[in-house]
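I have placed the structure first, in the form of structure tokens, so that the comments after it can refer back to it.
Side chains are part of it too, since the values below use all heavy atoms of this structure and drop only hydrogens, waters and symmetry mates.
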Amino acid sequence: MARAESEAINDTVAQLTSERLGLVVDAIVGARRIDAFGVGASGLVAEDVAQKLLRIGLSSHAFQDAHLALTSAVLLRKGDVAIGISTSGETPDVIEPLSRAKEAGATTVAITNNPRSSIAELAEHVLISAGRETEFRPGALASRISQLLVVDCVFVGVAQRTFDSSQEALASTRRAVKEFTRRTSPARRQP
């Protein structure tokens, strides 16, 4: 299993180019809002990308429920970004919101293992992850690790491009969480 995880990372790195990443980073940096769509294990990755972008002050949301995803997707507009995450690239609950986001004028990004999939054909920008799943390991760690690597590369690119505002936002969010945990920790509540 460890070898599979390591191979997924190496294979994903081999698929990524600075040009492809740069185009996605450019779109996100200029976006008013970023939506990420994913279901199951890919939904966890959508949550991760939205949380990372939110921490640096970007308006980002993750949707695992198709109805909510569609509701948000149709409200996107030119300059917004919609990210569809699907290992197979054939998940209807991701394809439909990404399609609606594209119709609304948003820039569309796909993160998928399948460069010939429906989601890849639909998206303006495709980032390929390379984790493999087996019959006994659907939603395997290798597929998530490879998707998370892609997300981390995009995030670092965005944070570098918006360095000053990202640093300020990270400091503010860290401070808020630290103050909250200090006030609410069990040790502080004991007499």
Grab the two heavy atoms, one from [X] and one from [Y], that are nearest each other, plus how far apart they are.
| X | Y | answer |
| --- | --- | --- |
| Val126 | Ala120 | CG2-O, 3.4 Å |
| Ser117 | Ser88 | CB-O, 3.5 Å |
| Ala69 | Pro97 | CB-CG, 3.6 Å |
| Ser60 | Ala50 | OG-O, 2.7 Å |

Does any non-hydrogen side-chain atom of [Y] lie less than 4.5 Å from one of [X]?
| X | Y | answer |
| --- | --- | --- |
| Val154 | Ile111 | no |
| Val94 | Ile85 | no |
| Thr108 | His125 | no |
| Ile56 | Leu170 | yes |
| Gln51 | Glu47 | no |

How would you list all residue pairs meeting side chain to side chain donor-acceptor pair (under 3.5 Å) that involve residues 148-157, not counting sequence neighbours?
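Checked against side chain to side chain donor-acceptor pair (under 3.5 Å) - neighbours excluded - the pairs reaching residues 148-157 are Lys52-Asp152.
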
In Å and rounded to the nearest 0.5 Å, what is the [atom1] to [atom2] distance from [X] to [Y]?
| X | Y | atom1 | atom2 | result |
| --- | --- | --- | --- | --- |
| Thr107 | Ile83 | OG1 | CD1 | 10.5 Å |
| Glu96 | Thr91 | CD | OG1 | 13.0 Å |
| Arg175 | Thr173 | CZ | OG1 | 9.0 Å |
| Asn114 | Glu121 | CG | CD | 9.0 Å |
| Glu103 | Leu122 | CD | CG | 9.0 Å |
| Ser118 | Leu98 | OG | CG | 11.0 Å |

Identify whether [X] and [Y] are in the same connected component of the hydrophobic contact network (ILVMFWY, side-chain heavy atoms under 4.5 Å).
| X | Y | answer |
| --- | --- | --- |
| Val25 | Val109 | yes |
| Val49 | Leu58 | yes |
| Leu127 | Leu53 | yes |
| Leu68 | Val74 | no |
| Ile28 | Ile128 | no |

For the CZ atom on Arg20, are there more than 12 heavy atoms of other groups (residues, nucleotides or ligands in this structure) within a distance under 6.0 Å?
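Not buried by this count: 12 neighbours or fewer within 6.0 Å.
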
Can you tell me if Glu90 has over 12 outside heavy atoms packed within less than 6.0 Å of its CD?
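More than 12 within 6.0 Å, yes.
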
Per-pair distances, 0.1 Å, donor-acceptor, side chain in residues 155-162, under 3.5 Å, sequence neighbours excluded:
| unit_1 | atom_1 | unit_2 | atom_2 | d |
| --- | --- | --- | --- | --- |
| Arg161 | NH1 | Asp26 | OD1 | 2.1 |
| Thr162 | OG1 | Val158 | O | 2.7 |
| Thr162 | OG1 | Ser166 | OG | 2.7 |

Could you walk me through whether Asp11 and Ser146 pass side chain to side chain contact (heavy atoms under 4.5 Å, CB included), step by step?
CA-CA 8 Å; Asp11 292 348; Ser146 62; over 6 Å; no

Side-chain donor-acceptor pairs of residues 31-46 under 3.5 Å, sequence neighbours excluded:
| unit_1 | atom_1 | unit_2 | atom_2 | d |
| --- | --- | --- | --- | --- |
| Arg32 | NE | Asp80 | OD1 | 3.2 |
| Arg32 | NH2 | Asp80 | OD2 | 2.6 |
| Arg33 | NE | Asp35 | OD1 | 3.4 |
| Arg33 | NH2 | Asp35 | OD2 | 3.3 |
| Arg33 | NH2 | Ser72 | O | 3.0 |
| Arg33 | NH2 | Ser72 | OG | 2.6 |
| Asp35 | OD2 | Ser72 | OG | 2.4 |
| Ser42 | OG | Gln147 | NE2 | 3.2 |

Assess whether side-chain hydrogen bond (donor to acceptor under 3.5 Å, both in side chains) is satisfied between Asn113 and Thr87, documenting all intermediate values.
CA-CA 5 Å; Asn113 280 24; Thr87 300; 4.9 Å; no

Stepwise, does the side chain to side chain contact (heavy atoms under 4.5 Å, CB included) test hold for Leu149 with Val13?
CA-CA 8 Å; Leu149 175 62; Val13 169; 3.7 Å; yes

Using a 3.5 Å distance criterion without hydrogens, assess whether the side chain of Thr112 forms a donor-acceptor pair with backbone atoms of Ser86.
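Side chain of Thr112 to backbone of Ser86, a donor-acceptor pair under 3.5 Å: yes, one is there.
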
